[in-house]
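Start at 1 and go down the list; that is how both ligands and their atoms are numbered.
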Amino acid sequence: MEQLRIPGPTPCPTDTLQAMTKQMINHRGDEFGQILSGVTEKLKQVFQTVNDVFLLTSSGTGGLEAAIVNTLSPGDKVLSVSIGVFGERFATIAKQFGAEVTPLRFEWGKAADVDAVRQALKAEPKIKAVLVTHNETSTGVTNDLALINSAVKEFDKLLLVDAISSLGSINLPVDEWHCDVVVTGSQKGWMIPPGLAMVSVSQEAWQAHSNAKMPRFYWDFAQAKSYLERPTPQTPWTPAISTVFALSVALEMMLKEGLSNITARHAQVGKAARDGVKSLGLSLFAEESHASNTVTAVAASDGLDTKKLLRILREEHQVVLAGGQQRLDGKIFRIGHLGWVTEDDIKAVISALKVVLPQAGFKG
Ligand SMILES: Cc1ncc(COP(=O)(O)O)c(C=O)c1O
């Protein structure tokens, strides 16, 4: 079987896949209502929040759009803390809907500097919200969200977090860290296929919602809340029912493993990936102090042709890794290690790399 080690979609255990083979049920009936309320309660445990959590039928990007259009109005000032491709995407969505975005960009491969965030907030008191990527999948860097959040809250701003490739794998206590809207996606650490975005919404985000004028229909959190609170809990629009079945099973598995064990497993697997690539003479692209435990970005050096590397790995070793995105194309390759993954899976990747690296021109 192919070893899919890209940072999403990730491999799914048989139990979650099997749950998806169940026959369709009425999405406005009692059976689905019970599943939806069970899933929502369990999601709250993983998000570590007592606030609202909603399931949206979309990929993660839809969740990012929902975070913006539910809390902001055209002309609102927004600070975008960006450390890579996905930070830029979050800012682009805000711009498209008419926000005035102040970009605060950091060198790709590095984490955001909290003092710079503080300075930017001091310089522009009218900023209403801050956009942050918790784990930047394009560079393999995890921001120090707790620190960034404390700066954002010193200035009493709304904090919108892209936690698509972190939540459920890397610790993110949403309430303790005062995150207002947090977005994640089913195809990442949740061990299920693409199809759902999950979002949490704080009280402050609801206050912002009541004044937010950006156009929204499908994404309206007020609709999601009113349908979820009906006597038979539902979603306003037809949900990806099969993916919800899978999520229900995945959440049981996750809570059985325990959040701290999941975080520890990802830390162990992340370390194995970093140690493994370094043992082959490769260098990490991300600064090591902030290297991600869900995706490892590796710099292409010493003659390494990443495209050739990925092709030989895939064709001859059934190991599928990811390349670099946008300006990192050809400059890095990435190993995804989130969700259903063990240290042995990563050792297998490292063994395959050892064989293929010289064939792909690596002279290190
Ligand atoms: C950090 C981050 N943000 C946003 C996205 C976009 O999510 P999707 O492709 O599910 O729309 C991804 C997906 O790779 C991601 O890793």
Chemist: Among all protein heavy atoms in this structure, tell me which lies nearest to atom 14 (O) of ligand 1, with the distance rounded to 0.1 Å.
Modeler: K188 NZ, 2.6 Å
Chemist: Does F47 reach the side chain of T184, with side-chain heavy atoms less than 4.5 Å apart?
Modeler: yes
Chemist: Taking side-chain hydrogen bond (donor to acceptor under 3.5 Å, both in side chains) as the criterion, tell me which of T142, N135, T133 meets it with S165.
Modeler: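 Checked T142, N135, T133 against S165; only one passes side-chain hydrogen bond (donor to acceptor under 3.5 Å, both in side chains): N135.
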Chemist: How far apart are the closest heavy atoms of G270 and T296, and which atoms are they?
Modeler: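 In terms of heavy atoms, the two residues are closest at O-OG1, 4.4 Å.
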Chemist: Both conditions, 6.0 Å and 45 degrees, for the charged tip of R89 above the ring of F86: are they met here?
Modeler: no
Chemist: Can you pull out the closest protein heavy atom to atom 9 (O) of ligand 1? Residue, atom name and distance to 0.1 Å, please.
Modeler: Q187 NE2, 4.0 Å
Chemist: Between ligand 1 and L64, is the shortest N or O to N or O distance under 3.5 Å?
Modeler: no
Chemist: Looking only at heavy atoms, what is the nearest atom pair of G195 and A240, with distance?
Modeler: O-CB, 4.1 Å
Chemist: Using modelled atom types and a 3.5 Å cut-off, is there a donor and acceptor pairing between side-chain atoms of S73 and backbone atoms of D76?
Modeler: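 The answer is no, because no donor-acceptor pair under 3.5 Å joins these two groups.
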Chemist: Who's the nearest protein heavy-atom neighbour of atom 12 (C) of ligand 1, and how far?
Modeler: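 Of every protein heavy atom, F86 CE2, 3.4 Å lies nearest to atom 12 (C) of ligand 1.
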Chemist: Atom CD in E288, atom NE2 in H290: separation rounded to 0.5 Å?
Modeler: 12.0 Å
Chemist: Please list, in number order, the atoms of ligand 1 under 4.0 Å from a heavy atom of I164.
Modeler: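 So the answer, numbered in order with elements, is 2 (C), 3 (N), 4 (C), 5 (C), 12 (C), 15 (C).
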Chemist: Can R89 be said to touch ligand 1, with heavy atoms closer than 4.0 Å?
Modeler: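 Contact present.
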Chemist: Starting from atom 3 (N) of ligand 1, find the nearest protein heavy-atom neighbour and note its residue, name and distance.
Modeler: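 The closest heavy atom on the protein side is D162 OD2, 2.6 Å.
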Chemist: Numbering the atoms of ligand 1 from 1, which are under 4.0 Å from a heavy atom of N135?
Modeler: 1 (C)
Chemist: At less than 4.0 angstrom from any non-hydrogen atom of S59, what atoms of ligand 1 do you find?
Modeler: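 Checking each atom against S59, I get 8 (P), 10 (O), 11 (O).
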Chemist: Only heavy atoms count here, so choose which of T61, I6, L338, T137 is nearest to atom 1 (C) of ligand 1.
Modeler: T137
Chemist: Check whether any heavy atom of V183 sits under 4.0 Å from an atom of ligand 1.
Modeler: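 False for this residue.
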Chemist: Polar-atom distance check: E136 versus ligand 1, any N or O pair below 3.5 Å?
Modeler: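 E136 vs ligand 1: no N/O contact under 3.5 Å.
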Chemist: Within the 3.5 Å criterion, strictly below it, is a donor on N51 or S200 matched to an acceptor on the partner's side chain?
Modeler: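 The answer is no; no qualifying pair exists.
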